[in-house]
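Structure record follows, encoded as structure tokens.
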2 protein chains.
Amino acid sequence: MDEIPEKLKQAGLKVTLPRIKILETLEKSAGQHASAEEIYRLLLQHDEEIGVATIYRVLTQCEQAGLIHRLQFEGGRAVFELACASHHDHLVCVRCGQVEEFYDEVIESRQREIAGEAGFDIEDHSMVLYGLCPRCRQQAPKEDG
Amino acid sequence: MDEIPEKLKQAGLKVTLPRIKILETLEKSAGQHASAEEIYRLLLQHDEEIGVATIYRVLTQCEQAGLIHRLQFEGGRAVFELACASHHDHLVCVRCGQVEEFYDEVIESRQREIAGEAGFDIEDHSMVLYGLCPRCRQQAPKEDG
DNA sequence: TTTGATGCAAAGGATTTGCAAATTT
DNA sequence: AAATTTGCAAATCCTTTGCATCAAA
């Protein structure tokens, strides 16, 4: 499973320790989704002191190379994921931040139809369902009256 | 159609000139979608000098009151729309920024099913299709190859 | 008049950038 | 050795906040 250096090479990026560490961290992060700052902290925990600037730069370069995806959920900071998996959309827990992936062919085909009717040439789409994950639902049975 | 003051009152907000102007500007903006900065500039064009801080404050307050929605498309800045219309999702032109709305019951119901299977209690969702609108498609027949 | 709203400028968080020093090929 | 990459700090973008002034109820 250690193809990270290969991928960097194929992307025309030099294979450096920071890059490898950053991608490995993303790979191992919970649910394989992490923000730049989370990656920074995870690296620190493993005694890898890589500056935030480098992390942002590497993530941006890898995104442009198609190695990772940048996800813009509600709440400002971007979250990144390795691009190895096939296309999918996301379920995000508004309480704990947990991210789950899903893919639904019915939705995908409806999207194509809708875009076609509107005359749009779709390049990309994002679909995020926000709510409480099973765990958080139990911990917060009811919030209001 | 001039119910803006009414809505403000119902939301428990004082009916002030800046608020009325800001909501009117949003109402009249292209496709009824605008960012805070766009609203600021549109107001300036009509010789209304309202500070950005006020615009952000008013937009945030109106959002909390349910009068408008804050949309987080790709690219950082938030875009706002009046909440008068019923729920819908968005098609965004990646070139000219044009925003179109759509609603599809098939997608909506699939979303509910998916969330249910995952055990999530959905509070909200966002779905955005990014691509070239009909006009921009003509102006840019092919970019590569 | 009392309460809430505005404007300005300063603060804030996330991300980017300039430049010299350090690395990879 | 040549070309990139890194780290740091300063800069930038978008948005929020503190506080004195001003307007709405």
Side-chain angles (χ1 to χ4, degrees), chain A residues 4-26 33-44 46-65 67-80 97, chain B residues 4-26 33-44 46-65 67-80 97:
Chain A
I4 287 177
E6 312 269 310
K7 290 185 179 172
L8 285 170
K9 245 178 246 170
Q10 287 170 23
L13 298 170
K14 284 189 178 173
V15 181
T16 65
L17 249 303
R19 284 179 178 156
I20 294 171
K21 292 295 179 187
I22 289 168
L23 293 181
E24 279 182 359
T25 300
L26 191 51
H33 291 82
S35 67
E37 202 202 327
E38 282 166 354
I39 292 173
Y40 176 71
R41 283 192 303 226
L42 287 167
L43 283 165
L44 276 188
H46 291 271
D47 295 307
E48 301 284 352
E49 300 208 13
I50 298 175
V52 246
T54 299
I55 294 175
Y56 277 107
R57 258 183 310 229
V58 169
L59 290 172
T60 299
Q61 291 166 329
C62 290
E63 185 201 7
Q64 289 169 346
L67 268 52
I68 66 180
H69 293 309
R70 181 189 301 252
L71 308 173
Q72 193 69 53
F73 297 149
E74 291 175 351
R77 78 216 74 186
V79 170
F80 298 83
Chain B
I4 288 177
E6 311 270 310
K7 291 184 180 173
L8 285 170
K9 245 177 246 171
Q10 286 169 23
L13 297 169
K14 283 187 179 175
V15 180
T16 66
L17 250 305
R19 284 181 178 154
I20 293 172
K21 292 295 181 189
I22 290 168
L23 294 181
E24 279 181 359
T25 301
L26 191 51
H33 291 81
S35 66
E37 202 202 328
E38 282 166 353
I39 292 173
Y40 176 70
R41 284 192 302 227
L42 287 168
L43 284 166
L44 275 188
H46 291 272
D47 295 306
E48 302 284 352
E49 300 209 13
I50 297 176
V52 247
T54 298
I55 294 175
Y56 276 107
R57 257 183 311 229
V58 168
L59 290 171
T60 300
Q61 291 165 329
C62 290
E63 185 202 7
Q64 290 169 345
L67 268 54
I68 65 180
H69 293 310
R70 180 190 300 254
L71 308 173
Q72 193 69 55
F73 297 149
E74 290 176 353
R77 77 217 73 187
V79 170
F80 299 83

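Below, chain A is the first sequence line, B the second, and so on; all start at residue 1.
One can place NZ of Lys21(A) at 13 Å from P of dG7(D), the figure rounded to the nearest angstrom. Between Glu49(B) atom CD and dC22(D) atom P the separation is 16 Å, expressed in whole Å. Between the CZ atom of Arg77(B) and the P atom of dT15(D) there is a distance of 8 Å, given to the nearest Å. Taking atom CD of residue Gln72(A) and atom P of nucleotide dG13(C), one finds them 18 Å apart after rounding to whole Å. Between Gln61(B) atom CD and dT6(C) atom P the separation is 7 Å, expressed in whole Å. Computed from coordinates, the Glu38(A) CD to dG13(C) P distance equals 16 Å when rounded to whole Å.
Applying the 4.0 Å criterion to OP1 and OP2 of dT15(D), one finds that Thr60(B) has every side-chain N and O outside that range. At dT15(D), one or more side-chain N or O atoms of Tyr56(B) fall inside 4.0 Å of OP1 or OP2 (strictly under the cut-off). Between Thr54(B) and dG7(C) there is a side-chain polar atom (N or O) within less than 4.0 angstrom of OP1 or OP2.
In the set dA5(C), dT4(D), dC8(D), the nucleotide with an atom closest to the side chain of Arg19(B) is dA5(C). The side chain of Arg70(B) sits closest to dT16(D) out of dT25(C), dC14(D), dT16(D). Which of dT5(D), dA5(C), dT15(C) sits closest to the side chain of Leu13(A) comes down to dT5(D).
If Lys14(B) and Ile50(B) are placed on DNA chain C by their nearest nucleotide, the residue sitting closer to the 5' end is Lys14(B). With the nearest nucleotide of DNA chain D identified for both Thr16(B) and Glu37(B), Glu37(B) has the one nearer the 5' end.
Residue Val52(A) is classed as having no contact, given no heavy-atom separation below 4.0 Å to the nucleic acid. Among the atoms of the strands shown, base atoms are found under 4.0 Å from some heavy atom of Arg57(A). Looking at heavy-atom distances under 4.0 Å, Ser35(B) makes no contact with the nucleic acid at all.
In this structure a side-chain-to-backbone donor-acceptor pair under 3.5 Å is missing from Arg70(B) to Val79(B).
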